[in-house]
Each structure stands twice: as structure tokens, then as C-alpha cells.
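I have placed the structure first, in the form of C-alpha cells, so that the comments after it can refer back to it.
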Amino acid sequence: MFSSFGQIAGRPQLLVLSLMIFAQGSAFGATIPYLSVTAIGTLGMSDQAFSLLVLVSSVTAVVISVSLGILSDLLGDRRYMLMAMSALGVIGYGAIYIFPSVPVFLGATSLVVPFFYATSSLLFASARLETGDIEPADAASINGTLRAIVSAAWVVTPAGLGLALGASGNMLGAWGLASLFCLFILICATFILKAPPSRPARDTSAPGFLAALKELGARDVLIRMVSIAAITSTLRLSGTVWPLILTLQLGGKTADVGLIAGMTALIEIPFMLIWAHLLKRHGIVGMIVTAALGYGGYMAALSFASAPWHIYALALPGAAFAAALLALPLSYFQDLFPGRPGLGTAFLPINSFLGNGINAAAFAVGSHYLGYSGSAWLGLVLAVFGVIGLLSVERRVARASSES
């Protein structure tokens, strides 16, 4: 299970990239959990303005990440993009910390920081190229390990900031820390990362920018995107529903919410490593299907909870299956476009955007007509629909390949 760590440590460039990925995850983990508290509570932004900000920044991040992912495949050397995007991160996060005001927060969060979000796709695409000379199963296993590093950053950084700044009630320092993490990425990209020894090998008939965009609209690709988004939206729906069931229906406390969330995040990390190791022996589609149905079952079980300890008990199986749904889609999307890791990795922000939209719709309908416990059943429905869509397209593609 720990062989992936040995492979990362044995490749200096991959080790540097893993540290940069941890820093990128830490920058996100330092600010995203405190976004609403800082915008509304500290700076006095209205609820409506904050909702609009979240929508605009999400759309901007998707457009930028997809565009830069495709361009990075055409350019080959991603260091210059990483330098530019991390420098914008330093500026965006730093401006919010140094000049805390609603106009600065709006401008930086909607127009500048989304460029830094693209470093996630660029870093994972760079890591994929570093593993291009090893077996695909081993490369996918390393991907899963790197995804676990992001989760570790999300465990460590928000908890540390909460302890350091929570008593003050002002979390603006988180943006200052995020700026420093961006600076670390900028330094690594400028002085430590090396240029590819040669232009990465790729099919000379591979499409250009506009043709690559058209590929995203192909029927089979769209079905895959929507299917994976439906599956991963169960994670977001669960994160919305179980705290409400716990506190409003079962008499749990807000302290229980924080404890269960932290415990779940910690449990997910070793399970991500386990799933990554299993990739060496099992197909990725079968593993995603298994995890999706398992997590759907976990959400159905949430609806039967009648005491707070039931939510605690369900955290272990929930985290085990969630770990796969967090770690595996990255490798799945990258495998769709071998030789073009930028395009494959750019599916992640699209998946996140679609998943958020599906979650919002499911929760709105479920909470209105079914209540919070009933809404949990929609997680199982989404998982089943996602699995059906994914298996149907994979079988059709396999049948077409065999016939040709």
C-alpha cells in the first residue's frame, strides 16, 4: 500500500510536485471553509451578493481551468503557467489580507483567485507526465496517493487555523497564509521544477484547442461527465444532509458535527491509499461502481438513524466509500485522453461544478417534499443513475471497439 510513497520519494520532480500539491490544497483548505464567515460576518457582505459571488467564481474557475488544461497540452512545459497562476494567487489572497474590504474581496475572489484554482489541474497533469514511463496501474495508484495528500492538507490546515484564529473571530489571517502557500508554489515552479527533457509524446493528429473543446461535447464524453457528476454529487448531498439530521432531528450538537467531519476526513486518508493500491489489481470502472453503490447504501442508512451515535457509527463505512469517489475520478478522466493529461485533469472542475448543481437541485427538491431523512434516499437514486450511465457508455464503447 505504501509503494506509491516510495515511488514518489524516488523521483525528485514528483516529490516536489507532491509538496506543491500539498501547498495548493492547504491554500484551498485555509480559505474555502471560512469563505462565507469572512465575507458576510467579517466584511459585511449581503447574503445575495455572496451567493452571486460563489456562482461567478465557480463559473470563472471552470472556464479558466478547462482552457488552461487544453493549452498546457499544446505547450508542453507547464512551469510558466504554474508561475503565472501561483503569482496571481499571491496577489489575490494577499490583497484580501492586506486590504480587507467588500470590493477587494469581490474582485479578488471572482476574477483573480480562480486563476490560482487552475494550478490544481496543472499540478496533477504534470505529475501524470512524470509517471508516463511506468505501468498505467502504478501511475493511477500514485494519482490516488497524491489525492490523499490534498485531503491531508484539508485536515491539517483548517484545524490549525481554527485553533490559532478561532478565538479572535476574525479569519482574515487565513488569506495571508494562503498567499504564502501560493508563494511556495511560485518559488518551486521558478527555481526547482525542471523543464521536460523533451516535448511530451502525443499523437500528432491530436486536436487543437477548439477541436478539444468539441471533444468535450461528444455524446459519450457528456454521458461520462454527467454520470460521474451524479455519483460524486452524493458526497455533497451527504455533507449537506447528515448535519441537519443530526442537529435538527436527532438532538445532536454542533460540536458533534465538527467531530464527525474531522473524524471522517481522517479516516478517508488511509482508505484513499488502500483504493489506490487496489487499482493495481482491479479495473477502475468496477471500483467506481462499487464505491458509488456502497456510498448510496450509506446515504440510505442515514435515513434510518434514530440517535446521534448512529451517525457516528456510519462515519466509518461512509468515509471508506467516499475515499474512492474522491480519489478515483481523476485517474478515470486522465485515462480517457492518454497523452493529454491537461485535458483529462480539466474534467475535475467540470465535475465539481456539475456535482454542485445536481446537489443543489436534489437538496431543494428533497428537503421540500421528503424532509432531511428522505433527502438522503436521493443520494442512492443519484448513485444508481450514475452507475447505469457509466456502465452503459463503457459497454457501448467496448462493444464498438471489439467490432472494429
Side-chain angles (χ1 to χ4, degrees), residues 1 4 140-141 143-152 154-155 224 226-243 245-246 257 259-305 309-333 348 351-352 354-356 358-359 362-363 366 373 375-391 394:
M1 184 174 71
S4 294
S141 179
N143 259 346
T145 302
L146 293 175
R147 184 59 185 80
I149 290 174
V150 176
S151 293
W154 271 81
V155 171
R224 286 179 169 116
V226 173
S227 297
I228 295 293
I231 290 171
T232 56
S233 70
T234 59
L235 300 172
R236 297 167 176 83
L237 183 60
S238 170
T240 302
V241 168
W242 73 255
I245 295 175
L246 176 64
V257 174
L259 186 58
I260 293 174
M263 180 175 67
T264 300
L266 284 172
I267 296 172
E268 285 172 353
I269 296 173
F271 274 105
M272 282 186 183
L273 300 177
I274 293 172
W275 287 106
H277 179 71
L278 290 174
L279 276 172
K280 297 180 179 180
R281 289 180 286 179
H282 302 283
I284 191 168
V285 174
M287 291 173 63
I288 291 176
V289 167
T290 299
L293 296 178
Y295 199 78
Y298 153 77
M299 291 204 65
L302 284 175
S303 67
F304 294 105
W309 71 266
H310 293 166
I311 307 295
Y312 277 93
L314 288 170
L316 176 59
F321 291 119
L325 301 183
L326 289 168
L328 299 181
L330 171 63
S331 294
Y332 175 75
F333 285 132
L348 287 183
N351 177 72
S352 179
L354 291 175
N356 286 333
I358 294 172
N359 167 52
F363 179 72
S373 292
S375 297
W377 280 95
L378 292 181
L380 177 58
V381 173
L382 287 170
V384 170
F385 273 115
V387 165
I388 292 173
L390 185 62
L391 290 179
E394 292 296 334

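Any value given below was found using the heavy atoms of this structure, including those in side chains, with hydrogens, waters and symmetry copies removed. A quick note: this is a predicted structure, and the numbers were derived from the prediction, not measured.
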Separation between [atom1] of [X] and [atom2] of [Y], rounded to the nearest 0.5 Å:
X      : Y      : atom1 : atom2 : value
Ile284 : Ser331 : CD1   : OG    : 5.0 Å
Ser238 : Phe321 : OG    : CZ    : 13.0 Å
Ile288 : Leu293 : CD1   : CG    : 12.0 Å
Leu325 : Leu235 : CG    : CG    : 5.0 Å

Which residue is it: Leu314, Leu237, Leu302? I am looking for the one with a side chain to side chain contact (heavy atoms under 4.5 Å, CB included) to Trp242.
Leu302
Matching residue for Val387 among Leu390, Val384, Leu391 - test: side chain to side chain contact (heavy atoms under 4.5 Å, CB included)
Leu391
Could you work out, with side chain to side chain donor-acceptor pair (under 3.5 Å) as the rule, every residue matching [X], not counting sequence neighbours?
X      : answer
Asn351 : Thr232
Thr234 : none
Ser373 : Gln249

Which residues share a side-chain contact (heavy atoms from CB on, under 4.5 Å) with [X], sequence neighbours left out:
X      : value
Thr264 : Ile260, Glu268, Ala315, Ala319
Val226 : none
Leu316 : Ile267, Phe271
Phe385 : Val381

Is the shortest heavy-atom distance from the side chain of Tyr312 to the side chain of Met263 under 4.5 Å?
yes
Measuring only between side-chain heavy atoms, which start at C-beta, is Leu354 closer than 4.5 Å to Ile228?
no
For Phe363, give me all partners under ring pair (Phe, Tyr, Trp, His ring centres under 6.0 Å), at least two apart in sequence or on another chain.
none
Qualifying residues under ring pair (Phe, Tyr, Trp, His ring centres under 6.0 Å), relative to Tyr298, sequence neighbours excluded:
Tyr295
Atom of [X], atom of [Y] and distance for their closest heavy-atom approach:
X      : Y      : value
Ala276 : Gly144 : CB-CA, 4.0 Å
Ile231 : Ala292 : CG2-CB, 3.6 Å
Gly296 : Ala383 : CA-CB, 4.2 Å
Ala313 : Pro317 : O-CD, 3.5 Å
Ala152 : Ile269 : CA-CD1, 3.6 Å
Ser227 : Gly386 : CB-O, 3.4 Å

Is there a donor-acceptor pair under 3.5 Å between the side chain of [X] and the backbone N or O of [Y]?
X      : Y      : result
Trp275 : Ala320 : yes
Asn359 : Gly355 : no
Ser352 : Leu348 : no

Quick one about Ser151 and Arg147 (side-chain donor to acceptor, distance below 3.5 Å, no hydrogens or angles considered), yes or no?
yes
Sequence-distant partners of Arg224, salt bridge (Lys or Arg N to Asp or Glu O under 4.0 Å), two or more places apart
Glu394
Considering only residues two or more places apart or on different chains, which pairs with a residue in residues 273-296 satisfy salt bridge (charged side-chain N to carboxylate O under 4.0 Å, His left out)?
Asp138-Lys280
Quick note, side chain to side chain donor-acceptor pair (under 3.5 Å) partners involving residues 375-391, not counting sequence neighbours, are Ser303-Trp377
